[in-house]
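A note on names: the letters A, B, ... follow the listed sequences, proteins ahead of strands, and every chain is numbered from 1.
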2 protein chains.
Amino acid sequence: MVPRIPVSVDLVVLTVREQRLSALVWRRDQPPHAGRWALSGGFIQLDEDLPAAAARVLAERAGLRGAPVHLEQLQTYGYPDRDPRQRVVSVAYLGLAPDLPAPSEAHMSWQGVNSLTSMAFDHRRILLDGVERARSKLEYTSLGAAFCPPEFTVAELRRVYEIVWNTPLDPRNFHRKVTGAEGFLVPTGRTTTRDGGRPARLYRRGGAELLHPPMLRPGRA
Amino acid sequence: MVPRIPVSVDLVVLTVREQRLSALVWRRDQPPHAGRWALSGGFIQLDEDLPAAAARVLAERAGLRGAPVHLEQLQTYGYPDRDPRQRVVSVAYLGLAPDLPAPSEAHMSWQGVNSLTSMAFDHRRILLDGVERARSKLEYTSLGAAFCPPEFTVAELRRVYEIVWNTPLDPRNFHRKVTGAEGFLVPTGRTTTRDGGRPARLYRRGGAELLHPPMLRPGRA
DNA sequence: TGAATAGTGTCTTTCAGACAATATCGG
DNA sequence: CCGATATTGTCTGAAAGACACTATTCA
């Protein structure tokens, strides 16, 4: 009577490393789509909440147990032939991670999103939807800091924006905007010279989730 | 091995009528939650795409066959005990409709969202998520016109914004903003006096999806 | 003519964009 | 001191907020 369908969770985990926006993927060695890159995913269990399933996949399949990854639901993909073996409905989650040590799962790797042109199933579409979500969230939330280590400089945060948006930003205007935004950055009182030059103040993420007014991407008039 | 789960589509269909933001609901007469308001929904069929299932539910269950309703995926709800009878994963869709004639399904009705305090299952949460999505989309897209008839005046569009946002807007500044936005409104050349006073120009929706720069809700500093 | 609503214009403030100038480190 | 990067400041233009004024209908 009521069709029952396997429901999976697929993760678009993004990070900024080596001057590239990169996604956590693995290379399939079995058909279908053997040899193509795939997002990590897994079927949800009968007694498992969706966010719990996403966290479990992140830990068990993606190899990022305990890592400070911001996870949010992205979108659900369900057209009937997206997996040729059987119908699967996939709830995609977007994860934003700082530049982490290599994942504990040996088959996982970080790949620049621009190089991921050939992916299994509809994972390319899901990945691009996740990238666009991340790009737009940087405009009106403080989630850019999710790509940074616990303590970071304004310049490091700016480089995150520049790489995710793929556009240069004026360092002085960016500094004014993020330090002026209520609750975005909390100064730690410490400084670092890891980027050379004059010591830069270190900040932690503030409590504010929203950036108001937003910082719009340049060149979209 | 792989758990199979019934997947449903639930619709948050919103409209602006009688000076209220209203949702399309029906009153349950069977347990569980007998007597409470519920969103219209239905299980997806094995060969059915998710948008197709949403359109089918809109036509068959909600009684809005052929109506000009903007449908977009909202979010997926899947915690295990959201339906006490069996586990169901629900993909919620948000629908934005103009003030339509009464739905053909007799048991459906429009209810102001503020009066829907007691709903079945987690439908109150889903409804509120849909309302918030609609509120924020009015900021940066031209979707406000989805609440209007095919031809409408600037004042009618403004009243949509005022009711959805529940805040008064300055008529002159609003007029400047929406008529100045590239591709938002297309003048038809005709006018109407249905609101009294000086004849107002009639517009149709333009092709632009995005409103740039966005029109932010007042009072969220 | 007057009430009602539509539409235009003006002033002010906020804020982004462009860019000069100063500050503070390592070497 | 010099090169590098951080931080502050200044000027300008775009656009929002507040509000005066004119335009065009119907009764």
Side-chain angles (χ1 to χ4, degrees), chain A residues 19 138-140 144 148 151-162 165 167-203 208 210-221, chain B residues 19 138-140 142 144 148 151-162 165 167-204 208 210-221:
Chain A
Q19 313 298 320
L138 257 54
E139 292 191 313
Y140 62 95
C148 295
E151 297 199 355
F152 53 92
T153 68
V154 171
E156 287 161 356
L157 181 63
R158 174 170 50 83
R159 279 187 279 276
V160 162
Y161 273 79
E162 291 177 328
W165 285 351
T167 188
L169 298 173
D170 183 279
R172 298 153 292 186
N173 294 338
F174 183 86
H175 190 282
R176 177 181 60 193
K177 178 71 181 175
V178 296
T179 56
E182 185 85 20
F184 193 167
L185 300 179
V186 178
T188 66
R190 300 196 292 144
T191 62
T192 182
T193 56
R194 61 190 173 213
D195 294 324
R198 171 174 169 178
R201 286 196 260 242
L202 284 165
Y203 295 87
L210 293 177
L211 185 56
H212 190 88
M215 171 165 39
L216 300 178
R217 281 171 272 184
R220 326 184 83 221
Chain B
Q19 313 297 320
L138 257 55
E139 292 191 314
Y140 62 96
S142 56
C148 296
E151 298 198 354
F152 54 91
T153 68
V154 171
E156 287 162 355
L157 181 62
R158 175 169 50 83
R159 279 187 278 277
V160 163
Y161 273 79
E162 291 178 329
W165 286 350
T167 188
L169 298 173
D170 184 278
R172 298 151 296 186
N173 294 337
F174 183 86
H175 191 282
R176 177 181 60 193
K177 178 69 182 178
V178 296
T179 56
E182 186 85 21
F184 194 168
L185 300 180
V186 178
T188 65
R190 300 195 293 144
T191 62
T192 181
T193 56
R194 61 190 175 213
D195 294 326
R198 170 175 170 178
R201 286 193 257 235
L202 284 166
Y203 295 87
R204 283 182 290 104
L210 293 177
L211 186 57
H212 189 88
M215 173 164 39
L216 300 178
R217 282 172 271 186
R220 329 184 81 221

d([atom1], [X]; [atom2], [N]) in whole Å:
X	N	atom1	atom2	result
B:Glu139	D:dA16	CD	P	13 Å
B:Arg159	C:dA6	CZ	C1'	11 Å
A:Leu202	D:dA6	CG	C1'	12 Å
A:Arg194	D:dA6	CZ	P	11 Å
B:His175	D:dC19	NE2	C1'	16 Å
B:Phe174	C:dG9	CZ	P	19 Å
B:Leu185	C:dG7	CG	P	11 Å
A:Leu169	C:dA18	CG	P	11 Å

| query | 5'-most contact on DNA chain D: B:His212 or B:Pro199, nearest heavy atom basis? | reply | B:His212
| field | DNA chain D: 5'-proximal contact among B:Leu216 and B:Arg198 (nearest heavy atom) | value | B:Leu216
| Under 4.0 Å between a side-chain N/O of B:Arg201 and OP1 or OP2 of C:dT8, yes or no? | yes
| said: Less than 4.0 angstrom between a side-chain N/O of A:Lys177 and OP1 or OP2 of C:dA16, yes or no? | reply: yes
Has the side chain of [X] got a donor or acceptor atom sitting under 3.5 Å from an opposite partner on the base of [N]?
X	N	answer
A:Arg158	D:dA6	no
A:Asn173	C:dA18	yes
A:Arg176	C:dG17	yes

| field | Chi angles and distances behind the side chain to side chain contact (heavy atoms under 4.5 Å, CB included) call for A:His212, B:Leu216 | value | CA-CA 10 Å; A:His212 190 88; B:Leu216 300 178; 3.9 Å; yes
| remark: A:His175 and A:Val154 have their tightest heavy-atom pair at CD2-CG1, 3.7 Å
| Closest approach of B:Tyr161 and B:Leu138, non-hydrogen atoms and distance? | OH-O, 3.1 Å
| message | At 4.0 Å (heavy atoms only), tell me whether B:Asp195 reaches a base, stays on the sugar-phosphate, or touches nothing. | response | sugar-phosphate
| task | Have a look at A:Pro213 and say if it touches a base, only the backbone sugar-phosphate, or nothing, with a 4.0 Å heavy-atom cut-off. | result | sugar-phosphate
| Are A:Leu169 and A:Lys177 close enough that some pair of their side-chain heavy atoms sits under 4.5 Å apart? | no
| message | For B:Arg190, is the CZ atom crowded, meaning more than 12 foreign heavy atoms sit under 6.0 Å from it? | response | no
